[in-house]
Amino acid sequence: MKLLPAITAVAITVASFSALAASPITAQEAQSGTYQSLGMVSVSAPSTVPGSMKDALNQIASDKGASHYRVVGAGTPGDSSLNRANVELYK
C-alpha cells in the first residue's frame with residue numbers, strides 16, 4: 001500500500017523531466033525565423049557514461065530557458081575521455 005505513492009512520485013518526476021528536455025532542430029528550421037537564438041554554448045560530458053551528453057545539454061538548455069538546440073559541431077578530442085559539442089540554443 002505504501003509503495004503506490006512512491007511509484008506515483010517516480011512517474012511524475014520522469015514525466016516532468018521529459019517535458020523539460022530540449023528538442024533538436026535542423027539548420028533549415030533554425031534559419032526559418034520560427035525560433036529565437038539564445039546564443040552558442042559548449043557542452044562536455046564523459047564519453048564512458050551513456051546519455052551523459054544529452055543530460056548535460058538538457059541541463060544547460062533548461063538553465064538558459066531554451067526549448068530547442070542545434071548541434072553546430074561535435075567531437076572527441078585528444079584522449080577520448082570527453083565528448084564535446086558546440087550547440088546553438090533556441091526558444
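Of the N and O atoms on the side chains of Asp63 and Gln59, at least one donor lies less than 3.5 Å from an acceptor on the other residue.
Minimum interatomic distance between Val43 and Ala56 (heavy atoms only, all atoms of both residues): CG1-CB, 3.7 Å. Shown here for Ser42 and Asn86, the closest heavy-atom pair between the two residues is OG-OD1, 2.7 Å.
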Which donor-acceptor pairs under 3.5 Å do side chains of residues 45-53 form with protein atoms, sequence neighbours excluded?
from: Ser47; atom 1: OG; to: Ser80; atom 2: O; distance (Å): 2.5
from: Ser47; atom 1: OG; to: Ser81; atom 2: O; distance (Å): 3.4
from: Ser52; atom 1: OG; to: Pro46; atom 2: O; distance (Å): 2.9
from: Ser52; atom 1: OG; to: Val49; atom 2: O; distance (Å): 2.9

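Leu82 belongs to no hydrophobic cluster with other residues, because no ILVMFWY side-chain heavy atom falls under 4.5 Å from its own, directly or through intermediates. Listed by chain and number, the hydrophobic cluster partners of Val72 are Met40, where partners are ILVMFWY side chains within reach of under 4.5 Å, directly or through others.
Remark: Glu29 pairs with Ile25, Thr26, Tyr35 by the side-chain contact (heavy atoms from CB on, under 4.5 Å) rule, at least two apart or across chains.
The list of ring-ring contact (aromatic ring centres under 6.0 Å, His included) pairs with a residue in residues 72-91, not counting sequence neighbours, is empty. Applying the salt bridge (Lys or Arg N to Asp or Glu O under 4.0 Å) definition to pairs two or more places apart or across chains, those involving residues 64-74 are Arg70-Glu88.
The OG atom of Ser67 lies 10.0 Å from the CD atom of Gln36; values are rounded to the nearest 0.5 Å. To the nearest 0.5 Å, atoms OG (Ser44) and CG (Leu57) are separated by 11.5 Å.
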